[in-house]
Amino acid sequence: PRMSTDVQSPRLLTVKEVADRLNLSVKQVRRRIWAGDLPAVRLGPERNAQLRVDERELDQFVYGDAS
């Protein structure tokens, strides 16, 4: 039997997608990430690896703590 789960995999957004959603430039979003204001993950160990932002983290950044 298959187990059902309500937990969804996180949707990882590109920096461009985040910039579009926030009406900011890519550079502004990167600055927020580098400042530690917006959590992001690197896709790979290289320093120039692509960054991704978990959609849930973006919601937390925009709306704050909803609890």
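Quick caveat, the model's predicted, so the values are computed rather than measured. The first residue in the sequence is number 1, and the count goes up from there.
Comment: E57 does not engage R11 in a salt bridge, judged by the lack of any side-chain N to carboxylate O separation of less than 4.0 angstrom.
The same ILVMFWY cluster, assembled from side-chain heavy atoms under 4.5 Å apart, contains both I33 and V18. Note on L24 and L13: same hydrophobic cluster, where clusters join Ile, Leu, Val, Met, Phe, Trp and Tyr whose side-chain heavy atoms are under 4.5 Å apart, directly or indirectly.
Nearest approach of A19 to V26, heavy atoms of both residues: CB-N, 3.9 Å.
Listed by first then second residue, pairs satisfying salt bridge (Lys or Arg N to Asp or Glu O under 4.0 Å) with a partner in residues 43-53 number zero, not counting sequence neighbours. Listed by first then second residue, pairs satisfying side-chain hydrogen bond (donor to acceptor under 3.5 Å, both in side chains) with a partner in residues 27-45 read S25-Q28, not counting sequence neighbours.
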- How far apart are the C-alpha atoms of F61 and V53, what are their side-chain angles, what is the distance that settles it, and do they pass the side chain to side chain contact (heavy atoms under 4.5 Å, CB included) test? CA-CA 11 Å; F61 175 77; V53 175; over 6 Å; no
* Could you walk me through whether T14 and Q50 pass the side chain to side chain contact (heavy atoms under 4.5 Å, CB included) test, one step at a time? => CA-CA 8 Å; T14 66; Q50 293 182 11; 5.8 Å; no
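For the atom pair R56 CZ and Q60 CD, the distance stands at 11.5 Å (nearest 0.5 Å). To the nearest 0.5 Å, the span separating CG on L51 from CG on L43 amounts to 8.0 Å.
The side chain to side chain donor-acceptor pair (under 3.5 Å) check on D20 picks up K16, with sequence neighbours excluded.
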